[in-house]
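What follows is a single structure, written as structure tokens, with notes after it.
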Amino acid sequence: MESNPLSKSILFAILLTLVSMTNANQDHYHEFNVQEKKVTRLCKSHTIITVNGQFPGPILEVRNGDAVTVKVTNKARYNVTIHWHGLRQMQNPWADGPEYVTQCPIMPGSSYTYRFIIQDQEGTLWWHAHSRWLRATVYGALIIHPKLGFSYPFPKPKVELPIVLGEWWNRDIISILQQTLFSGAAPNISDAITINGQPGDLYKCSQQGTVRYSVNSGDSVLLRVINAALNQQLFFTVANHKLTVVATDAVYTKPFATNIIMVGPGQTTDVLLTANQKPGRYYMAARAYATAQNAPFDNTTTTAILEYKSSTSRPILPPLPAYNDTNTATSFSNQIKSPEKVDVPTKIDENLFFIIGFGFFNCSPGPRCQGPNNTRFGASMNNVSFVLPNRASLLQAYTNKIPNIYTTDFPATPLVKFDYTGNVPRGLWQPIRGTKLYKLKFGSNVQIVLQDTSIFSTEDHPVHLHGYHFYVVGQGFGNFNPSQDTARFNLIDPPQRNTIDVPVGGWAAIRFVADNPGVWLMHCHIDTHLAWGFGMAFIVEDGVGPSQKLLPPPADLPRC
């Protein structure tokens, strides 16, 4: 006999209330109205999708331990969901947000209320639409302060500034997506990079809107840098000012000084700077780190201005690395470490090896395709190009045992072994389409080696795992060699991330404990690659006690 969904929702509300009463510092209630708004950038006006008419959307500021309720009402013309990027959502994937994975989308005219607790997390995260390419304009910062009475592991800065990097298109983003999927070709590149929604001084018609931050000499400033760009890794710097990295993906790091940071789509990096230069005006600047060979990219530079109060001088522009400067990107990422020794899983229960990257689908039958040699671009993990369902979400299908939505035969290793970063045989270029998931037992220790491949081109891929932080125990170039590379793993103080940039033509090894039951998406955070099939999902089974079991779905969960 099937349980009453209303009684389940009451139980869910009671559980949330109990957690809130015992752990939460404060309850936060927000209303997000997803709506259209006419916006002008680069001398042109067009309608974009926003939250509450803001671009970027509202900044959510909470504390570790707080309870958060966000009612999302869809007043736009497209289906939408909201993802709280990097939040663990313990036992509660119903609030995670990726469409057709943990929920059906919120249809125009409908609402859904996300309810969650911030549990043992602090730092800079962000939220964004997780439905088609709406996150091009639907995004905002999610800042988690320490609990009351607790402080940062560094002196409290005088000024804190969210720096949200994005991309801007002069055309409607959904029409670009539709054209991309119809033609099989790569999408139009963006027309600008942005800082907090503004392109900056170096673009036409943009000087007046350039973001300006005013500081006093001697101020310590915390920049919370978020890469919300749809498709582009970005270098970021501030003219004449040293940056001290103190956190990535809402996890504190060993502090280290650098002139440049590289932030992949989905990643966040917190840096401290001191306003200790000659009073003046200094550009913050960001531009592409682009690694795919012969692939077009937006080669423009976005700027904002850090100005010492009462200064009127002409802003100084900082030098930026070359667009393909992998040495600088690698040198930066290699310095990121946990502040002290961490408890890395050493006895591995699930040893997974995922090859990732591009592929091609033959264009037959149908219209002539515009990918290479009359093909359409695809992407895959272990040669499976991920297909989202549309009659139920994966989580609903799993919990309600709905048949014919997915299978659980995602391969643990590639079905065919080959020279992944060399010349790939043509017979391996075409992946298979499927909705294949991989089951993990609760509490199992998992290692995944993510290996880039060279079909079409190698590329640096930002891979995001929902519902988890993981330790990055190793990275390298070329093909992963288990006998040699495993011995060099950092099992002492590896960084924790929720999104790992897998090096171009290389590999990254991550480890985590499967301690969060539910269905959790893993995918490239370059949205073009996700649309082409670069994704998969894990089912993490329930454990034994109440704290190890999936919470029931809320009553207002959208229906497909």
Intermediate values then yes/no, ring pair (Phe, Tyr, Trp, His ring centres under 6.0 Å), W507 and Y420: CA-CA 10 Å; W507 56 270; Y420 307 115; over 10 Å; no

Stepwise salt bridge (Lys or Arg N to Asp or Glu O under 4.0 Å) check, D219 with K309: CA-CA 11 Å; D219 280 352; K309 282 177 183 162; 5.6 Å; no

Stepwise ring pair (Phe, Tyr, Trp, His ring centres under 6.0 Å) test for F354 and F410: CA-CA 10 Å; F354 292 175; F410 186 88; 5.1 Å; yes

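Residues S483 and N481 bring a donor and an acceptor atom of their side chains to less than 3.5 Å of each other. No side-chain donor-acceptor contact under 3.5 Å links N516 and Q89. Defined by atom type and a distance below 3.5 Å, a donor-acceptor pair is missing between the side-chain atoms of H145 and E122. Between the side chains of S190 and D298, at least one donor N or O lies within less than 3.5 Å of an accepting N or O. Between the side chains of Y203 and T300, a donor-acceptor pair is found at a separation under 3.5 Å. For the residue pair D527 / N231, no side-chain donor-acceptor distance below 3.5 Å is found, with atom types taken as modelled.
Residues meeting the side-chain contact (heavy atoms from CB on, under 4.5 Å) test with Q277, sequence neighbours left out: N240, H241, Y282, Y308. Applying the side-chain contact (heavy atoms from CB on, under 4.5 Å) criterion to Q207, with sequence neighbours excluded, gives D201. Residues satisfying the ring pair (Phe, Tyr, Trp, His ring centres under 6.0 Å) criterion with Y252, sequence neighbours excluded, are absent altogether. For D191, the side-chain contact (heavy atoms from CB on, under 4.5 Å) criterion is met by L42, W169, N170, not counting sequence neighbours. Under the side-chain contact (heavy atoms from CB on, under 4.5 Å) criterion, A379 pairs with W532, F534, sequence neighbours left out.
For the pair V473 and I510, the minimum side-chain heavy-atom distance is 4.5 Å or more. Between L125 and I144 there is a side-chain heavy-atom pair separated by less than 4.5 Å. Side chains of L234 and I193 form a contact here, defined as non-hydrogen atoms less than 4.5 Å apart. In this structure, N498 and H85 have side chains that are in contact, with non-hydrogen atoms separated by less than 4.5 Å. The shortest distance between side-chain heavy atoms of Y323 and Q233 does not fall below 4.5 Å. In this structure the side chain of Y289 never reaches within 4.5 angstrom of the side chain of T328, judged on heavy atoms. Put simply, the side chain of F480 reaches to within 4.5 Å of the side chain of P482, judged on heavy atoms. Taking the side chain as every heavy atom from C-beta outward, K242 and N259 approach each other to under 4.5 Å.
Not one N or O on the side chain of N324 forms a donor-acceptor pair closer than 3.5 Å with the backbone of A290. Although no hydrogens or angles enter the test, the distance criterion places a donor-acceptor pair under 3.5 Å between the side chain of T258 and the main chain of I260. With hydrogens and angles disregarded, no donor-acceptor distance shorter than 3.5 Å links the side chain of E459 to the backbone of D452. Remark: the backbone N or O of T124 is paired with a side-chain donor or acceptor of T268 at under 3.5 angstrom. Under the 3.5 Å distance criterion, the side-chain polar atoms of S131 are matched with a main-chain donor or acceptor of T81. With N479 contributing its side chain and T421 its backbone, the two residues share a donor-acceptor pair below 3.5 Å.
Below 30°, between 30° and 60°, or above 60°: for H464 and H466 the angle between ring planes is between 30° and 60°, a tilted geometry.
Residue pairs that meet the side-chain hydrogen bond (donor to acceptor under 3.5 Å, both in side chains) test with at least one member in residues 341-353, sequence neighbours left out, are K347-D349, E350-Y438, N351-Q447.
Ionic pairing of R497 and D249 is present here: one or more N-O contacts between side-chain nitrogen and carboxylate oxygen are shorter than 4.0 angstrom.
Test Y468, F470, Y471 against F512 for ring pair (Phe, Tyr, Trp, His ring centres under 6.0 Å) and you get one pass: Y468. Under the ring pair (Phe, Tyr, Trp, His ring centres under 6.0 Å) test applied with H525, the options H83, H128, H461 reduce to a single match, H128.
Counting non-hydrogen atoms of neighbouring residues, nucleotides and ligands closer than 6.0 angstrom, the CZ atom of F256 exceeds 12 such neighbours. Other residues, nucleotides and ligands contribute over 12 non-hydrogen atoms within 6.0 Å of the NZ atom of K254.
Distance check: M522 CE to M536 CE gives 7.5 Å after rounding to the nearest 0.5 Å.
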